[in-house]
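Worksheet: the structure to be examined is printed underneath.
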Amino acid sequence: MRVLVTGGAGFIGSHIVTALARAGHEPVVLDALLPSAHPSLPEPPNAEFLRTDVRDAAGVREALRGVDAVCHQAAMVGLGKDFADAPAYVSCNDLGTAVLLAAMAETGVRRLVLAGSMVVYGEGRYECPRHGPVRPAARRPEDLAAARFEPYCPDCGCALRPGLVGEDAPADPRNVYATTKLAQEHLAAAWARTVGGTAVSLRYHNVYGPGMPRDTPYAGVASFFRSALARGEAPRVFEDGGQRRDFVHVQDVAAANVLTLEATAELPVGALTPYNTGSGDPHTVGEMATALALAHGGPEPVVTGEFRLGDVRHITADSSRLRRELGWRPEVGFGEGMTEFARAGQRASAAVVR
């Protein structure tokens, strides 16, 4: 199978390209190599490569020639610095996706796997001991400033128990990046209905691993901590470190993409199918920072009590659907993955990760 991987020179995309080649497929890499994402040119991928922006309609149409499926990874990721980033997020993520899908409609490519994200859910699943499952409101700045980090029941104010969120949970994006990722899914669903295509969104949880970018405000928390350790500094853990996340290794995410691409012919036509893509082994941010620092040889993390508006408290995946329907199984455990990541190299990054 000939597969176009947009953003194929980036962190996750490059691992997918390697996994596709190992599985006997023919990856084609499309990446703009923007200086903001690649301050120095990366090693040429072991695949056909087109230096094209996903927003360039003519370049995308050329890249789609002879392609059987598309693995769409090109995006601007992370929470960003402030709302001034909104136009860049919308341009990269939503305009880029629209241009890609229009070109796919024109050239007859009918199979898409999208790099989705768990951020579309907002806060995760919670239960109130009195009212059962509830959806808490966005956390208030005054509560965060007073170190009241846990969401509470909107009806009675009771403390809530966090749980695993499934694909049927309502979307509730709580920052600009999350909003653009949900818009990508809606665009893909509209494309699938219009052309009779098959679309899958793999809703990644916190992806980490070798080759993650360093020293950028747009990367995930694992990258922040690893970058600090590389500078000989203590990882700075926001809030109280009790935020629950699902850290999934990039090799497992790459394997999920290959498996899904191979299965798209058997998936529903004319609709978008979402799959949570997480390890199934939640940990707190504090636990992750401690494991990473220990494997690196210090310094120990520092819990700062700082916070970022737009961050959610707990979001962990129920990835059983992907396991049950497509047979995916993550292979890299938390301890093994953090030990490897603590010693692995990171790629340079100037500002934006694609």
Side-chain angles (χ1 to χ4, degrees), residues 1-8 12-13 15-30 47 63-74 97 100-118 120 164-169 171 181-182 184-205 207 248-280 317-331:
M1 180 167 51
R2 184 173 167 88
V3 180
L4 178 65
V5 183
T6 69
I12 298 175
H15 283 273
I16 293 171
V17 168
T18 298
L20 281 166
R22 287 176 177 168
H25 300 294
E26 182 185 356
V28 179
V29 174
L30 182 149
L64 287 169
R65 185 176 300 173
V67 162
D68 301 298
V70 173
C71 185
H72 183 30
Q73 305 296 312
T97 298
L100 172 66
L101 293 171
M104 291 173 66
E106 181 179 339
T107 57
V109 180
R110 297 292 182 262
R111 299 165 71 180
L112 171 72
V113 174
L114 171 68
S117 175
M118 53 81 181
V120 301
L164 301 180
V165 61
E167 290 89 351
D168 58 349
K181 295 306 288 184
L182 183 59
Q184 283 186 316
E185 291 194 355
H186 287 317
L187 287 166
W191 165 83
R193 286 192 296 270
T194 301
V195 305
T198 299
V200 172
S201 178
L202 294 178
R203 290 175 175 171
Y204 301 159
H205 281 247
V207 186
V248 59
H249 196 276
V250 66
Q251 291 176 6
D252 288 327
V253 168
N257 275 272
V258 174
L259 184 67
T260 305
L261 285 160
E262 292 173 340
T264 50
E266 288 76 51
L267 290 168
V269 173
L272 179 134
T273 305
Y275 287 109
N276 285 335
T277 309
S279 71
D318 178 358
S319 298
S320 59
R321 182 178 181 182
L322 183 57
R323 292 162 168 77
R324 182 177 65 254
E325 295 186 4
L326 299 187
W328 175 72
R329 295 289 185 277
E331 296 182 355

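Nearest heavy-atom pair, Val70 versus Leu100, reported as atom, atom and distance to 0.1 Å: CG1-CD2, 4.0 Å. What you find for Gly197 and Trp191 is that their closest heavy atoms are CA-CH2, 4.0 Å. Annotation for Gly278 and Ser319: closest pair N-OG, 2.9 Å, computed over non-hydrogen atoms. In plain terms, the two heavy atoms of Gly196 and Val269 that are nearest each other are O-CG1, 3.0 Å. Here the closest non-hydrogen pair linking Ala69 and Val67 is O-CG1, 3.0 Å. Contact detail for Ala317 and Leu164: the closest heavy-atom pair is O-CD2, 3.4 Å.
Partners of His72 according to the ring-ring contact (aromatic ring centres under 6.0 Å, His included) rule, which considers only residues two or more places apart in sequence or in another chain, do not exist here. Remark: Asp318 pairs with Ser320 by the side chain to side chain donor-acceptor pair (under 3.5 Å) rule, at least two apart or across chains. Taking Glu26 as the reference, Arg2 meet the salt bridge (Lys or Arg N to Asp or Glu O under 4.0 Å) condition, with sequence neighbours excluded.
Applying the 6.0 Å contact sphere to CD of Glu331 captures no more than 12 heavy atoms from other residues, nucleotides or ligands.
In terms of modelled atom types and a separation under 3.5 Å, the side chain of Asp252 and the main chain of Ser279 share no donor-acceptor contact. Remark: side-chain polar atoms of Lys181 are paired, donor with acceptor, to backbone N or O of Ala115 under 3.5 angstrom.
Note that OG1 of Thr264 and CG of Leu112 are 9.5 Å apart. Values are rounded to the nearest 0.5 Å. A distance of 9.0 Å separates OG1 of Thr277 from CZ of Arg323, quoted to the nearest 0.5 Å. Here the CG-CG distance, from Asp68 to Leu4, works out to 11.0 Å after rounding to the nearest 0.5 Å. Separating the CG atom in Leu114 from the OG1 atom in Thr6 is a distance of 8.5 Å, to the nearest 0.5 Å.
You'll find the side chain of Trp328 stays beyond 4.5 Å of the side chain of Leu202, heavy atoms only. Proximity of Ser201 to Gln184: side-chain heavy atoms (C-beta onward) are nowhere separated by under 4.5 Å.
Among the candidates Val17, Val5, Val3, Ile16, the single residue satisfying the side chain to side chain contact (heavy atoms under 4.5 Å, CB included) test with Asn257 is Ile16.
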Practice prompt. For His205 and Asn276, run side chain to side chain contact (heavy atoms under 4.5 Å, CB included): C-alpha distance rounded to whole Å, both residues' side-chain angles, the deciding distance at 0.1 Å, then the answer.
Written response: CA-CA 8 Å; His205 281 247; Asn276 285 335; 4.1 Å; yes

Item to complete: Starting from the C-alpha separation in whole Å, work towards a yes-or-no answer on side chain to side chain contact (heavy atoms under 4.5 Å, CB included) for Tyr204 and Gln73.
Response: CA-CA 11 Å; Tyr204 301 159; Gln73 305 296 312; 2.9 Å; yes

Practice prompt. Take Leu259 and Leu322 through the test side chain to side chain contact (heavy atoms under 4.5 Å, CB included) and record every step on the way to the result.
Written response: CA-CA 10 Å; Leu259 184 67; Leu322 183 57; 5.6 Å; no

Practice prompt. Evaluate the criterion side chain to side chain contact (heavy atoms under 4.5 Å, CB included) for residue pair Leu20 and Leu261; output intermediate values, then yes/no.
Written response: CA-CA 9 Å; Leu20 281 166; Leu261 285 160; 3.9 Å; yes

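Identified under the salt bridge (Lys or Arg N to Asp or Glu O under 4.0 Å) test for residues 185-203, with sequence neighbours left out: Glu185-Arg203. Sorted by first and then second residue, the pairs that involve residues 15-25 and meet side chain to side chain donor-acceptor pair (under 3.5 Å), not counting sequence neighbours, are His25-Glu262. The salt bridge (Lys or Arg N to Asp or Glu O under 4.0 Å) pairs that include a residue from residues 101-111 are Arg61-Glu106, where partners are two or more places apart or lie in different chains.
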